[in-house]
Amino acid sequence: MKPTSHRAVVLRHRPEGVPVASDFDIVREELPGVSAGDLVCRARFLSLDPYLRGVIAGRHLGHTLELGQVIPGACVAQVTHSHDERYSEGDWVVFEGGWRERCVVNANSVRRIEDTAPSTALGVLGMPGLTAWAGITKLAKVRAGDTVLISAAAGPVGATAGQIAKILGARVVGIAGGAEKCARVIRHFGFDDCVDYKSLRFQHDLRAACPNSVNVYFDNVGGAVLEAALANLALHARVVLCGLMDQYNDAIRPPGPNLAPVIGARATLMGLVVYDYFAELPLYLAQATVWIKARQLRWLEDIQVGIEATPEAFCRLMRGENVGKSLVKID
Ligand SMILES: NC(=O)c1ccc[n+]([C@@H]2O[C@H](COP(=O)([O-])OP(=O)(O)OC[C@H]3O[C@@H](n4cnc5c(N)ncnc54)[C@H](OP(=O)(O)O)[C@@H]3O)[C@@H](O)[C@H]2O)c1
């Protein structure tokens, strides 16, 4: 028998500062009616992404969200009932389903995925991977011999960006929080070096890790880390501005950084919005699949279990405690 209701996560309060689990509620929801062309799906993995912090604050460029509404986001799901001849029960799909256990979705709004490692469609073979590829190959145009510096290096964007830069022949240095994360960035993702931005010696260690200065800086965090990276730019450096982890939890935008080193280095700054590259996802996936098979591209996942674990899992991400792509597995 088809289940008619399921659980979903809604916004209770707009968080002040770092979100807490009580900013969210778990509610029961009825499945909407089904029309020809629809798929009824059971979520298997929910994607937790930093951009959602801007969405729940009411200041994201692409989404609006009112109190009481289900948190949006991508999910990997399995079809349980198909009303479209292209799909059958058990097929794996990825789409924007939000933080809920079940969904009715039009078949034209999903992408079919393989049943091997399906969760990668939310990370290395999904939006974060595409972001990394676009920044490294389309904007920074990384070439052999470049020194490429990448912040939030243990996450799905940073780790993928670093590995693609390595494949292209660059020397790659990561920035991450804590000695353990830095060791993992070197050991698991093959970066040449990784510097701990939480260490008192950060600025000194960064200079030592980039003795020939930085040709490409891929910034995922902003703030003091961006300021330190700018101080190490080589002449004509390219800087890709991808994310602002340092300020997503702040209600008021902090001042700075001082951009004088950008002038001194005659550097080029580029803003990255992944939406501009969605049409190129098939091209990226074809290339990334080859790299994965050749063991040149790896990933890590940070998986919590059950819809009820979703609010706290998102809070962990926004506290920087995740290692790898943040996911919730729905049993
Ligand atoms: N421009 C676009 O279109 C686009 C698309 C996708 C993602 N993004 C951005 O890409 C960035 C990375 O996304 P992701 O999904 O790969 O996330 P992620 O790396 O899994 O998580 C973010 C990491 O940032 C680090 N961090 C948090 N606060 C920090 C701070 N104040 N200073 C330095 N590092 C801090 C934390 O790791 P540590 O332990 O190392 O601190 C945390 O684990 C985010 O800023 C996201 O918004 C942009």
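Just so you know, ligand 1 is whichever comes first in the structure, and atom 1 is the first atom listed for that ligand.
Using modelled atom types, one finds no donor on one side chain facing an acceptor on the other under 3.5 Å when comparing His204 with Arg207. Counting only N and O atoms by type, the side chains of Ser151 and Asp219 include a donor and acceptor under 3.5 Å apart.
Scored by the ring pair (Phe, Tyr, Trp, His ring centres under 6.0 Å) test, His188 finds no partners at all (sequence neighbours excluded). For the ring pair (Phe, Tyr, Trp, His ring centres under 6.0 Å) test, residues two or more places apart in sequence or in another chain that qualify with Trp133 are Tyr284.
Taking Ile, Leu, Val, Met, Phe, Trp and Tyr as members and joining any whose side-chain heavy atoms lie under 4.5 Å apart, directly or through other members, Leu235 forms no hydrophobic cluster with any other residue.
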As a test of reading the model: which N/O atoms of the protein lie under 3.5 Å from N/O atoms of ligand 1, and at what distance?
{"from": "ligand 1", "atom 1": "1 (N)", "to": "Cys242", "atom 2": "O", "distance (Å)": "2.9"}
{"from": "ligand 1", "atom 1": "1 (N)", "to": "Leu272", "atom 2": "O", "distance (Å)": "2.5"}
{"from": "ligand 1", "atom 1": "3 (O)", "to": "Val274", "atom 2": "N", "distance (Å)": "2.7"}
{"from": "ligand 1", "atom 1": "10 (O)", "to": "Asn220", "atom 2": "OD1", "distance (Å)": "3.3"}
{"from": "ligand 1", "atom 1": "16 (O)", "to": "Pro156", "atom 2": "N", "distance (Å)": "3.3"}
{"from": "ligand 1", "atom 1": "16 (O)", "to": "Val157", "atom 2": "N", "distance (Å)": "3.0"}
{"from": "ligand 1", "atom 1": "20 (O)", "to": "Asn322", "atom 2": "ND2", "distance (Å)": "2.7"}
{"from": "ligand 1", "atom 1": "31 (N)", "to": "Asp246", "atom 2": "OD1", "distance (Å)": "2.8"}
{"from": "ligand 1", "atom 1": "34 (N)", "to": "Tyr197", "atom 2": "OH", "distance (Å)": "3.3"}
{"from": "ligand 1", "atom 1": "37 (O)", "to": "Lys181", "atom 2": "NZ", "distance (Å)": "3.0"}
{"from": "ligand 1", "atom 1": "39 (O)", "to": "Lys181", "atom 2": "NZ", "distance (Å)": "2.6"}
{"from": "ligand 1", "atom 1": "39 (O)", "to": "Gly320", "atom 2": "O", "distance (Å)": "3.3"}
{"from": "ligand 1", "atom 1": "40 (O)", "to": "Gly177", "atom 2": "N", "distance (Å)": "2.7"}
{"from": "ligand 1", "atom 1": "41 (O)", "to": "Tyr197", "atom 2": "OH", "distance (Å)": "2.4"}
{"from": "ligand 1", "atom 1": "43 (O)", "to": "Lys181", "atom 2": "NZ", "distance (Å)": "3.2"}
{"from": "ligand 1", "atom 1": "43 (O)", "to": "Asn322", "atom 2": "OD1", "distance (Å)": "2.6"}
{"from": "ligand 1", "atom 1": "45 (O)", "to": "Asn220", "atom 2": "O", "distance (Å)": "2.9"}
{"from": "ligand 1", "atom 1": "45 (O)", "to": "Tyr248", "atom 2": "OH", "distance (Å)": "3.3"}
{"from": "ligand 1", "atom 1": "47 (O)", "to": "Tyr248", "atom 2": "OH", "distance (Å)": "2.8"}

Problem - Criterion side-chain contact (heavy atoms from CB on, under 4.5 Å) on Phe95 and Cys103, from CA distance to verdict - result: CA-CA 10 Å; Phe95 59 94; Cys103 284; 3.8 Å; yes
